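Only one structure is covered here, and it is reproduced in the block below.
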Amino acid sequence: TSAQLGALTTVQAAALTSVQVPGLTSAQVASLTTANLNAMGTDQFMALTSAQVRSLGTNQIANLETGDLAALTSVQVQALTSSQIRALTSDHIPALTTDQVAWMSTAQVRALSSDQLALIVTAAFQQPATVQIPALASAQIASLTTDQFINLVSTQLTALTSSQIAALSTDNLIALTSDQIGLLTTGQIRAITSTQIASIDSADIAALSTVQIRALSSAQLTGLTSVRVSAMETADLAAMTKAQYRVLSREHAEVTQVA
């Protein structure tokens with residue numbers, strides 16, 4: 001019974017074979033003490049079925065040894081509920097392997113708190129599929145460390161939604177290289193706030209393509225400082241619409257001198 005299983009000693013729990021473990025009911029697994037769970041080896045832990053993994057309580061999850069968590073298979077990782085994901089501790093998150101992060105569903109990624117997301121090691125964070133990136137909430141995007149953000153691969157970067165772009169910290173945005181800035185779509189360019197664009201380095205402004213320049217709104221152009229405007233090339237100014245040029249020349253007298 002569950003009561004009997006809960007009364008097992010750690011020595012007895014450790015003696016369970018990988019053949020016996022899948023035979024336990026969900027109720028029996030839920031009744032295991034954290035000490036007994038941690039007494040099980042990785043082979044035993046990997047033998048847990050999806051239903052058994054889902055039956056683990058948040059307290060059991062929170063007290064798992066990092067080695068057991070790192071041993072979870074793709075099927076087991078995908079079986080974790082949102083509550084279980086949120087129960088992962090600051091020791092657990094950095095222990096997730098690159099494959100385990102990649103296996104997480106969009107719902108699981110979205111269940112991560114901002115603090116948890118910031119703890120994912122950079123190498124693992126580069127693994128999420130492109131479909132996972134748009135699932136991140138604005139608060140999660142804002143919590144990304146600079147190291148995490150600048151190491152996004154090109155497909156992840158271009159997958160960011162307009163609301164996510166607007167939620168980026170200025171530190172993260174200005175940390176992008178000119179090449180990364182050049183990857184941003186016109187929709188993403190338009191999503192940059194006037195506050196953010198005022199913080200972008202002159203080199204990044206100079207790296208904008210004429211297509212990206214034409215995507216800038218009046219509010220964004222107004223937010224550019226004189227130093228940023230001076231970084232624009234003649235070709236950039238020539239590519240602007242008449243409406244854009246009027247806004248820029250109204251705010252910056254030097255534009256008429258450059259054009």
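Since we're looking at a predicted model, the values are computed, not measured. Positions are given from 1 along the sequence.
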From T186 atom OG1 to L216 atom CG, the distance as rounded to the nearest 0.5 Å: 10.5 Å
Derivation and outcome, side chain to side chain contact (heavy atoms under 4.5 Å, CB included), residues V247 and T222: CA-CA 7 Å; V247 169; T222 302; 3.6 Å; yes
Spacing of CZ belonging to R228 relative to CG belonging to D201, to within rounding of 0.5 Å: 6.5 Å
Side chain to side chain contact (heavy atoms under 4.5 Å, CB included) between R86 and T58, intermediate numbers included: CA-CA 8 Å; R86 286 190 289 270; T58 53; over 6 Å; no
Residues that Q220 engages under side chain to side chain donor-acceptor pair (under 3.5 Å), provided they are two or more places apart: S217
From Q44 atom CD to L16 atom CG, the distance as rounded to the nearest 0.5 Å: 6.0 Å
Set of residues satisfying side chain to side chain donor-acceptor pair (under 3.5 Å) with respect to D147, sequence neighbours excluded: T122, N151
Pairwise side-chain contact, L237 with I213, heavy-atom cut-off 4.5 Å (strictly under): no
Where A13 and A39 come nearest, the two heavy atoms and their spacing: CB-CB, 4.5 Å
side-chain contact (heavy atoms from CB on, under 4.5 Å), paired with Q188, selected from L160, L183, I181, L157: L160
Using atom types as modelled, flag every donor-acceptor pair under 3.5 Å from a side chain in residues 73-81 to any protein atom, sequence neighbours excluded.
from, atom 1, to, atom 2, distance (Å)
T73, OG1, Q76, N, 3.3
T73, OG1, Q76, OE1, 3.4
Q76, OE1, T73, N, 2.9
Q76, NE2, F45, O, 2.9
Q76, NE2, M46, O, 3.3
Q76, NE2, L48, O, 3.0
Q78, NE2, W103, O, 3.3
T81, OG1, Q84, N, 3.2
T81, OG1, Q84, OE1, 3.4

Step-by-step side chain to side chain contact (heavy atoms under 4.5 Å, CB included) determination, L136 to L117: CA-CA 10 Å; L136 294 174; L117 194 65; 4.2 Å; yes
side-chain contact (heavy atoms from CB on, under 4.5 Å) partners for A207, two or more places apart: S178
Min side-chain heavy-atom separation L112-I120 under 4.5 Å: yes
Set of side-chain contact (heavy atoms from CB on, under 4.5 Å) partners for E65, sequence neighbours left out: N38, D68
Any donor-acceptor N/O pair, Q156 side chain to F149 backbone, under 3.5 Å: no
Those residues that, when tested against A175, pass side-chain contact (heavy atoms from CB on, under 4.5 Å) (two or more places apart): T146, I150
L37 backbone acceptor or donor facing Q60 side chain under 3.5 Å: no
Non-hydrogen atoms of S138 and S163 that approach each other most closely: OG-O, 3.9 Å
Any side-chain heavy-atom pair of L88 and L69 under 4.5 Å: yes
Residues L248, M232; criterion side chain to side chain contact (heavy atoms under 4.5 Å, CB included); working and verdict: CA-CA 11 Å; L248 202 61; M232 289 184 176; 4.0 Å; yes
Distance, nearest 0.5 Å, that separates OG of S199 from CD1 of I174: 6.5 Å
R214 vs V211 side-chain heavy atoms within contact, under 4.5 Å: no
Check: N172 side chain, L168 main-chain N or O, donor-acceptor pair, under 3.5 Å: no
For the student: nearest non-hydrogen atoms of G67 and T42, plus distance: O-CG2, 4.0 Å
Separation of T9 OG1 from N36 CG (nearest 0.5 Å): 7.0 Å
With sequence neighbours excluded, residues passing side-chain contact (heavy atoms from CB on, under 4.5 Å) with A243: T241, R246
Point-to-point distance, once rounded to the nearest 0.5 Å, from CG of L173 to CD1 of I197: 8.5 Å
Closest approach of P22 to A47 (non-hydrogen atoms, all atoms of both residues): CG-O, 3.4 Å
Over all atoms of both residues, closest heavy-atom pair of S114 and A139: OG-O, 3.3 Å
Heavy-atom check, side chain of D236 versus side chain of L208, under 4.5 Å: no
Donor-acceptor under 3.5 Å (Q244 side chain, L221 main chain): no
Donor-acceptor pair between T193 and Q196 side chains, under 3.5 angstrom: yes
Qualifying residues under side chain to side chain donor-acceptor pair (under 3.5 Å), relative to Q164, sequence neighbours excluded: T161
Expected output: side-chain R110 to main-chain A135 donor-acceptor under 3.5 Å: yes
Check: Q116 side chain, I85 main-chain N or O, donor-acceptor pair, under 3.5 Å: yes
D115: partners by side chain to side chain donor-acceptor pair (under 3.5 Å), with sequence neighbours left out: none
Donor-acceptor contact present, side-chain H92 to main-chain L64, <3.5 Å: yes
Least distance between heavy atoms, S143 atom then Q140 atom: OG-O, 2.7 Å
